[in-house]
Amino acid sequence: MPNFLELGIEEPWVAALKENGIAVPTPVQTETIPLLLAGRDVIARAKTGTGKTIAFLLPILQRLDPSRSYPQALIIAPTRELALQITEEARKIARGTEIRILAVYGGQDVEKQLRKLEGGRHLIIGTPGRLNDHLRRGTLELGGVKTLVLDEADQMLHMGFLDEVEAVIQALPYQRQTLLFSATMPAEVKRLASFYTRDAEDVTIKVEQSPVPLKSIKQLVVEVTDRTKQQALVSMIDMYRPYLAIIFCRTKRRASALNAALLERGYASDELHGDLSQAKREQVMKRFREAKLQLLVATDVAARGLDVEGVTHVFNYDMPHEVESYIHRIGRTGRAGGKGMAVTLASPKDRGDLQRIEQGIQYAIERRRYEQDGAIVEVRGPGASGGKEAGRHKEQAGGPGRKASGGRGNAGRDGQRRSGREDKAVRAASRNGKDARGGSKRGASGGRNQSRGGTPPQGRRGRGTDAGRRGGRSGR
DNA sequence: AAAAAAC
């Protein structure tokens, strides 16, 4: 396995990576960086959480000319949060250099953005709407762009986005390098991709054999009814005690309503969707990243790209309608070699969608059923309606005394009651010399909800023993 | 079918 230097990344950048806890290139970085440095167009497909962002950022940053103060590279992302995240990542790596990076997205003051643009920027990272806004005003000049990246490329080239993306591309030189990155690339989108690239190298990283999502993500489907759905979710939060969890809903209104219900029950929860002000959205993301919130109730705005350390669980409160959505949603956990769990609630009307998802990922997801009395029982196989295996599952939802105190789950209130699974986590943590029970400071100070596991996820915390694929980075 | 993305 080559190191970054051998891939063509120069010493100062290797040092900057090291400062950010990144030492060993991931497979997608190993495969794409030499091609990108050589100026090739690339269509890259690699699973969620395997280091795609660094793969395109490094060659871009290294080849920017800071002495020329105009945009030389442009990265387009499908959501504002993702644009901001990529910007922060780029700024971390470029710290101490002359390189000026600007995020250009909607919901923030245009005038302020304008002044920053006038200051001269080398790298622009933005969302399509606001980029076009600036282009029409004549306040953004992209004629000097040598490299274009479409992050989450399949979404950017999809209906609803394509027109705006195309409009931005019109403002770029025809002679340029174009890079398309995503975890998913449906065939029809891939055909489209050839219109925007020239002699593109196709890079598909198969970290594992068959199932499309990462194996490090434990997937589960829990059969519920619309009536028991919310209770089932709460039971499972109390049972699995996520450090951080993202709960996906179908609509903005449903996300908002569910968040209100979780707040009512005493959880450290908040909502994220497009009906909120951009200031609120950024505040919520910040608090979630700091683990001041345990639960993030979101629409698909949070499905793609967001990389939040400590997300141990993803809950699909509402079944996603497309396999791509499922893959990206559950990919918010189990990142950078860590472990994660994805629980999808399925009501009877979700049968068709679920079937298509399992077909798409070529994998029959383990099935359970939530019963009226709060128990979670095993179901024999996909589609099986009655076949119980071995009766009650040993992980009794909620545990003793749940509900006794007016609804709020008190599982693990004293840190004593743990499932076998959590005991494993405790043992794993103590192997790594960490205080699993007391948790980190983050865990201990995370709001009044008591259902948080004290064990931050393994894999990125602390240097040394646990150098994961990203080299055991210590923070972001 | 919904969400995202400009004002």
Side-chain angles (χ1 to χ4, degrees), chain A residues 74-87 102-114 117 124-140 142 149-171 182 184 189 226 246-259 271-282 284-285 296-306 316-329 332 344 346-347 349-357 360:
Chain A
L74 172 69
I75 300 166
I76 313 181
T79 65
R80 299 167 183 178
E81 283 71 23
L82 188 49
L84 185 57
Q85 176 182 291
I86 298 166
T87 302
L102 184 64
V104 175
Y105 54 81
Q108 47 163 210
D109 191 36
V110 187
E111 296 298 320
K112 219 164 98 182
Q113 232 170 43
L114 252 171
L117 274 170
I124 305 287
I125 301 164
T127 49
R130 180 59 68 90
L131 285 169
N132 276 318
D133 189 0
H134 277 298
L135 289 169
R136 276 191 287 270
R137 290 165 188 253
T139 50
L140 178 60
L142 295 175
V149 179
L150 297 187
D151 196 18
E152 306 298 342
D154 58 324
Q155 192 182 13
M156 305 308 294
L157 296 179
H158 232 250
M159 293 254 300
F161 262 122
L162 185 58
D163 287 351
E164 277 190 305
V165 170
E166 218 158 33
V168 177
I169 291 177
Q170 293 303 315
S182 186
T184 52
V189 178
D226 285 340
I246 303 179
I247 302 166
F248 285 100
C249 293
R250 188 168 46 84
T251 66
K252 294 178 276 198
R253 289 184 58 171
R254 282 178 64 78
S256 194
L258 178 59
N259 176 52
E271 59 196 84
L272 183 75
H273 52 75
D275 269 356
L276 307 173
S277 72
Q278 189 52 29
K280 167 76 178 175
R281 284 168 63 162
E282 284 174 32
V284 169
M285 279 308 296
L296 182 69
V297 187
T299 60
D300 269 341
V301 70
R304 283 179 180 250
L306 294 189
N316 286 317
Y317 187 71
D318 294 323
M319 181 78 60
H321 289 295
E322 285 163 352
V323 64
E324 285 80 15
S325 172
Y326 179 82
I327 290 167
H328 287 279
R329 282 181 179 187
R332 296 317 96 215
T344 300
S347 70
K349 65 170 164 29
D350 296 323
R351 285 179 82 102
D353 285 325
L354 179 56
Q355 209 172 4
R356 280 189 295 109
I357 287 165

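In what follows, chains carry the letters A, B, and so on, assigned in the order in which the sequence lines appear, proteins first and then strands, with residues in each chain numbered from 1.
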Using a 4.0 Å heavy-atom cut-off, does [X] contact any base of the nucleic acid, only the sugar-phosphate backbone, or nothing at all?
| X | value |
| --- | --- |
| A:Asp300 | nothing |
| A:Gly160 | base |
| A:Glu322 | base |

With respect to the side chain of [X], which nucleotide from [options] is positioned closest?
| X | options | value |
| --- | --- | --- |
| A:Arg281 | B:dA5, B:dA3, B:dA6 | B:dA5 |
| A:His321 | B:dA5, B:dA1, B:dA3 | B:dA1 |
| A:Thr251 | B:dA2, B:dA4, B:dA6 | B:dA2 |

Where [X] and [Y] come nearest, the two heavy atoms and their spacing:
| X | Y | result |
| --- | --- | --- |
| A:Ala255 | A:Glu271 | O-CB, 4.5 Å |
| A:Ile76 | A:Leu131 | CG1-CD1, 4.1 Å |
| A:Arg332 | A:His328 | NE-O, 2.9 Å |

*Classify the side-chain pair A:Asn259/A:Ser256 by whether it contains a donor and acceptor separated by less than 3.5 Å.*
no
*asked:* Please tell me whether A:Glu81 and A:Gln85 have a donor and an acceptor in their side chains that are separated by less than 3.5 angstrom.
replied: no
*A:Lys349 atom NZ, over 12 foreign heavy atoms within 6.0 Å*: yes
*Close approaches to DNA chain B from residues 76-83 of chain A, in residue order (heavy atom, under 4.0 Å)*: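 Correct list: A:Pro78, A:Thr79, A:Arg80.
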_Distance criterion of 3.5 Å, no angle test: do you see the side chain of A:Arg250 paired donor-to-acceptor with the base of B:dA1?_
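Checked by distance alone, the answer is no.
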Nearest-Å distance for atom pair [atom1]/[atom2], residues [X] and [N]:
| X | N | atom1 | atom2 | value |
| --- | --- | --- | --- | --- |
| A:Lys252 | B:dA2 | NZ | P | 11 Å |
| A:Asp275 | B:dA4 | CG | C1' | 12 Å |
| A:Tyr326 | B:dA3 | OH | C1' | 20 Å |
| A:Arg253 | B:dA3 | CZ | C1' | 15 Å |
| A:Arg304 | B:dA3 | CZ | P | 16 Å |
| A:Gln113 | B:dA6 | CD | C1' | 11 Å |
| A:Met159 | B:dA1 | CE | P | 13 Å |
| A:Asn316 | B:dA2 | CG | P | 18 Å |

_Salt-bridge criterion met for A:Asp151 and A:Arg304 (N-O under 4.0 Å)_ = no
*May I ask you to verify if any side-chain N or O of A:Thr127 is less than 4.0 angstrom from the OP1 or OP2 atom of B:dA6?*
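It does, given that an N or O in the side chain of A:Thr127 lies less than 4.0 Å from OP1 or OP2 of B:dA6.
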